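Source: prediction; values computed, not measured. Naming: A, B, ... by sequence-line order, numbering from 1 per chain.
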Amino acid sequence: MDNKRIADTFDQIADLLEFQGANPFRIRAYRNGARTVRDLTDSVATIIADDSRDLTEVDGIGKDLAAKCAELVDTGSLEMMNELLSEIPGSVLDLLRIPGLGPKKAAVLFKELGIQTLDGLEEACQSGEVAKLKGFGKKTEDTLLKGIAFAATANQRIYWSEADVLVGRLREHLEQTNGMEQLEFAGSYRRGRETVGDLDILVVANDSTDVMDCLQDFEEIADTLVRGETKMSVRLESGLQVDLRVVPAESFGAALQYFTGSKDHNVLVRGEAKRQGLKINEYGVYRNEAGKDVGISGADEEGVYRALGMPWFPPELREARQEFRWAEEDALPELVGLDDIRGDLHMHTNATDGRGTIEEMVTAAQSRGLQYIAITDHSKRVSMARGLDAERVLAQWSEIDRINEQLDGEFKLLKGIECDILEEGGMDLPDKVLAQADWVLASVHYGQKQPRDKITCRIVGAIENPHVSAIAHPTGRLINRREPYDVDMEAVLQAAAEHHTLLELNANPARLDLNDVHCAAAKAKGIPITINTDAHSIEGLDVMRCGIMQARRGGLTATDVANTMAWADLRALLRRG
DNA sequence: GCCGTTTTCGGCCCGACTGTTTTCAGTCG
């Protein structure tokens with residue numbers, strides 16, 4: 001039972017309790033517990049097995065949740081969950097995916113009409129049964145019918161990189177508005193989450209009507225969900241929701257802080273404000289003087305945090321993980337930036353499944369300000385990509401030697417390989433070949449579904465191989481498409497730390513592998529991370545910024561990232577092992 | 001259900017918008 005499954009279980013319990021109308025703070029405790037467990041760098045099972053440690057020392061996990069964790073680890077299930085499911089069929093939770101239908105109304109539908117599924121609800125709406133219920137009306141019925149169609153189609157979060165393209169288009173469109181003074185995109189996009197569920201736009205403008213009309217004119221709008229004085233929500237044809245808020249200039253910073261989130265971060269910020277006798281909302285920070293709220297901050301975000309005695313937090317850190325503790329200790333990390341990156345150590349050419357030649361990749365890398373790159377085509381096991389056997393890779397390396405001679409010495413082209421870790425363990429190329437490389441990535445492409453012990457053993461085996469520089473995309477997940485391998489990451493991290501093998505943060509927006517939590521765990525163990533693009537074309541080099549974002553979310557500084565170093569220093573680091 | 005420099009009870013963030021209401025509950029972020 002890994003942390004993710006424990007967290008998912010707590011989230012489901014929260015959903016079911018919400019449906020039952022339980023104490024909202026009890027529900028929040030389960031949601032907090034879920035998030036805490038999901039973000040934990042150590043596995044719950046490990047902490048439980050360690051007599052010197054106690055789960056209740058983790059913030060947000062009390063006696064009760066600790067016992068439930070233990071039950072889940074021991075038995076694989078939870079008595080409480082079974083009881084809840086005997087009262088409420090799990091399928092009713094589908095109803096909560098309908099926009100505008102929350103737990104209260106869903107519970108009425110279940111209790112009064114016995115509705116358990118989206119199909120059942122659709123029938124009841126069409127027959128007019130729903131509009132007869134107290135608190136429901138014709139309009140609600142119409143809203144539900146529209147929402148059912150929406151909930152039935154996959155309501156997927158989009159990759160951050162896709163959101164980024166959309167943000168560019170929306171920004172360009174909205175900047176045409178007359179009297180637009182300030183425009184910013186907040187929410188999970190600003191926090192650099194790997195996926196984005198909706199977009200939050202914040203605007204200061206002379207006339208909110210003009211801005212809203214302008215958004216209404218955006219060509220990809222499918223539907224306007226809400227439009228009031230200061231707030232508007234639309235749905236794009238892609239299904240993505242876009243929320244717009246128009247705020248006065250003196251509140252812009254407070255609104256930016258508020259709508260950037262995360263929700264959990266803000267709950268803690270508000271709690272702290274309250275402790276200091278202050279009030280904070282999206283309009284500003286207020287002190288109560290003689291019964292009246294007096295604004296003391298709001299125009300800029302830094303000032304809002306300063307008013308509470310806090311430093312400005314980089315948005316990527318606002319997840320209610322460790323940022324407040326760091327702030328207290330005056331130890332907020334100075335996060336790595338794109339400008340810190342000097343090399344890119346994972347890319348493919350047209351020798352295998354890439355599109356560019358070696359020379360084209362070199363030119364593209366130079367124009368992006370890089371000082372070195374490694375060519376890391378696939379090894380022969382990846383036959384679909386025409387992976388290189390020993391003979392071809394040695395020929396490629398000779399070619400690289402030749403190209404290096406023509407380069408001015410300012411730029412270094414490295415002889416690399418992305419060598420497969422074979423299904424039965426061991427590397428796809430002999431050690432005597434790997435020994436001639438400057439840089440060896442090891443990665444799994446086949447046998448991804450192997451049981452935990454076996455796949456962990458394969459990866460740890462590669463880590464122990466002295467010729468292997470780093471493990472590429474260590475968990476193999478593809479966001480929204482493929483689960484990670486069932487690999488024991490603690491064992492991988494432990495082995496990497498012991499053998500001085502680096503771990504990759506693959507910057508491809510569909511991978512972002514390692515994820516933020518794993519990055520933090522690697523940092524805690526002193527394992528250097530290498531952020532690589534895995535480019536299959538010259539344009540592919542541009543995803544580096546996605547990797548940087550993920551690294552920042554993991555709290556990594558430039559010194560935690562190996563390819564911020566000059567190649568000579570990085571090579572020395574590799575030989576340390 | 002969690003938490004505690006006001007510590008074992010009593011809090012726990014707060015405002016906009018909508019629909020079905022005649023003054024507010026539900027939902028959302």
*Asks:* Reckon A:Leu65 touches a base, only the sugar-phosphate, or nothing at all at heavy-atom distances under 4.0 Å?
*Replies:*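 Sugar-phosphate: the residue A:Leu65, judged by heavy atoms under 4.0 Å, touches backbone atoms but no base.
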
*Asks:* Using atom C1' of each nucleotide, how far apart are B:dT23 and B:dG19 to the nearest Å?
*Replies:*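 Nearest-Å result for B:dT23 against B:dG19 at atom C1': 13 Å.
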
*Asks:* Quantified in whole Å, what is the C1' atom distance between nucleotide B:dC2 and nucleotide B:dT8?
*Replies:* 12 Å

*Asks:* Starting from the 5' end of DNA chain B, give me the residue, A:Asp200 or A:Met232, whose nearest nucleotide shows up first.
*Replies:* A:Met232

*Asks:* Is it the case that the base of B:dG1 and the side chain of A:Asn23 share a donor-acceptor contact (distance under 3.5 Å, atom types as modelled)?
*Replies:*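 Between B:dG1 and A:Asn23, which were checked side chain against base, a qualifying N/O pair under 3.5 Å is present.
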
*Asks:* Nearest to the side chain of A:Lys263 - B:dC14, B:dG1, B:dC13?
*Replies:*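 So the side chain of A:Lys263 is nearest to B:dC13.
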
*Asks:* B:dG1 phosphate, OP1 or OP2: any side-chain N/O from A:Lys68 under 4.0 angstrom?
*Replies:* yes

*Asks:* Between A:Tyr286 and B:dC13, is there a side-chain N or O to OP1/OP2 distance below 4.0 Å?
*Replies:*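 Checking B:dC13 against A:Tyr286, no side-chain N or O comes under 4.0 Å of OP1 or OP2.
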
*Asks:* Taking the six-membered ring of A:Phe10 as reference, does the NZ or CZ atom of A:Lys68 fall below 6.0 Å from its centre and within a 45° cone about the axis?
*Replies:* no

*Asks:* Nearest to the side chain of A:Asp243, which nucleotide is it out of B:dG29, B:dT20, B:dC12?
*Replies:*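 Nucleotide nearest to A:Asp243's side chain: B:dG29.
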
*Asks:* Nearest to the side chain of A:Lys279 - B:dC13, B:dC14, B:dT27?
*Replies:* B:dC14

*Asks:* When all nucleic acid strands are considered with a 4.0 Å heavy-atom cut-off, which category describes A:Thr143: base, sugar-phosphate, or nothing?
*Replies:* nothing

*Asks:* Taking the P atom in each of B:dT7 and B:dG11, what is the distance between them to the nearest angstrom?
*Replies:*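 B:dT7 and B:dG11 have their P atoms separated by 14 Å.
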
*Asks:* Answer yes or no: does a side-chain N or O of A:Ser233 lie under 4.0 Å from OP1 or OP2 of B:dC17?
*Replies:*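 Indeed not, no polar side-chain atom of A:Ser233 lies that close.
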
*Asks:* Please tell me if A:Arg270 has a side-chain N or O lying less than 4.0 Å from either OP1 or OP2 of B:dC13.
*Replies:*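 The answer is no; no side-chain N or O of A:Arg270 sits under 4.0 Å from OP1 or OP2.
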
*Asks:* What interatomic distance, in whole Å, is found between C1' of B:dC12 and the corresponding atom of B:dT20?
*Replies:* 30 Å

*Asks:* Distance check: side-chain N/O of A:Asn266 vs OP1/OP2 of B:dC13, anything under 4.0 Å?
*Replies:*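 For A:Asn266, the contact criterion (side-chain N or O under 4.0 Å from OP1 or OP2 of B:dC13) is not met.
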
*Asks:* Looking at CZ of A:Arg31 and NZ of A:Lys263, how far apart are the two atoms once the value is rounded to the nearest 0.5 Å?
*Replies:* 8.5 Å

*Asks:* Assign A:Arg28 to base, sugar-phosphate, or nothing according to its heavy-atom contacts below 4.0 angstrom with the strands shown.
*Replies:* base

*Asks:* Could you measure between the two C1' atoms, the one in B:dC13 and the one in B:dG29, and give it in whole Å?
*Replies:*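 These two C1' atoms come out 12 Å apart once rounded.
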
*Asks:* Just to be sure I understand the rule, does A:Phe259 reach a base, reach only the sugar-phosphate, or reach nothing, if contact means heavy atoms closer than 4.0 Å?
*Replies:*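 Here A:Phe259 touches no strand at all.
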
*Asks:* Determine the Euclidean distance between corresponding C1' atoms of B:dG26 and B:dT21; express it in Å to zero decimal places.
*Replies:* 12 Å

*Asks:* Can a salt bridge be assigned to the pair A:Lys231 and A:Asp243 using a cut-off of 4.0 Å between side-chain N and carboxylate O?
*Replies:* no

*Asks:* Which part of the nucleic acid does A:Ile13 contact within heavy-atom distance under 4.0 Å: base, sugar-phosphate only, or nothing?
*Replies:* nothing

*Asks:* Measuring from the side chain of A:Glu282 (C-beta onward, heavy atoms only), which nucleotide among B:dT27, B:dC17, B:dG15 has the closest atom?
*Replies:*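 Looking only at side-chain atoms, A:Glu282 lies closest to B:dG15.
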
*Asks:* Looking at A:Asp213 and A:Arg227, is any side-chain nitrogen of the basic one under 4.0 Å from a carboxylate oxygen of the acidic one?
*Replies:* yes

*Asks:* Among the candidates B:dC3, B:dT27, B:dC17, find the nucleotide nearest to the side-chain atoms of A:Asp59.
*Replies:*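 Among the listed nucleotides, the one closest to the side chain of A:Asp59 is B:dC3.
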
*Asks:* Under 4.0 Å, counting only non-hydrogen atoms across every strand here, what does A:Pro24 touch: a base, just sugar-phosphate, or nothing?
*Replies:* nothing

*Asks:* Tell me the partner of B:dT8, counting only Watson-Crick (N1-N3 plus N6-O4 or O6-N4) or G-U wobble (N1-O2 and O6-N3) with both under 3.5 Å; none if nothing fits.
*Replies:* none

*Asks:* Say whether, by atom type as modelled, one donor and one acceptor occur between the side chain of A:Arg157 and the main chain of A:Thr195 under 3.5 angstrom.
*Replies:*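 The answer is yes, because a donor-acceptor pair under 3.5 Å joins these two groups.
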
*Asks:* Among B:dC13, B:dA16, B:dG26, find the nucleotide with the atom closest to the side chain of A:Lys104.
*Replies:* B:dG26

*Asks:* Taking A:Asp64 for the side chain and A:Ala67 for the main chain, is one N or O donor matched with an acceptor at less than 3.5 Å?
*Replies:* no

*Asks:* Using atom P of each nucleotide, how far apart are B:dC17 and B:dT22 to the nearest Å?
*Replies:* 23 Å

*Asks:* Within 45° of the ring axis of A:Trp312 and under 6.0 Å from its six-membered ring centre, is that where the NZ or CZ of A:Arg318 lies?
*Replies:*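 So A:Arg318 does make the cation-pi contact.
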
*Asks:* Could you tell me whether the side chain of A:Tyr258 has a donor or acceptor atom within less than 3.5 Å of a complementary atom in the base of B:dG15?
*Replies:* no

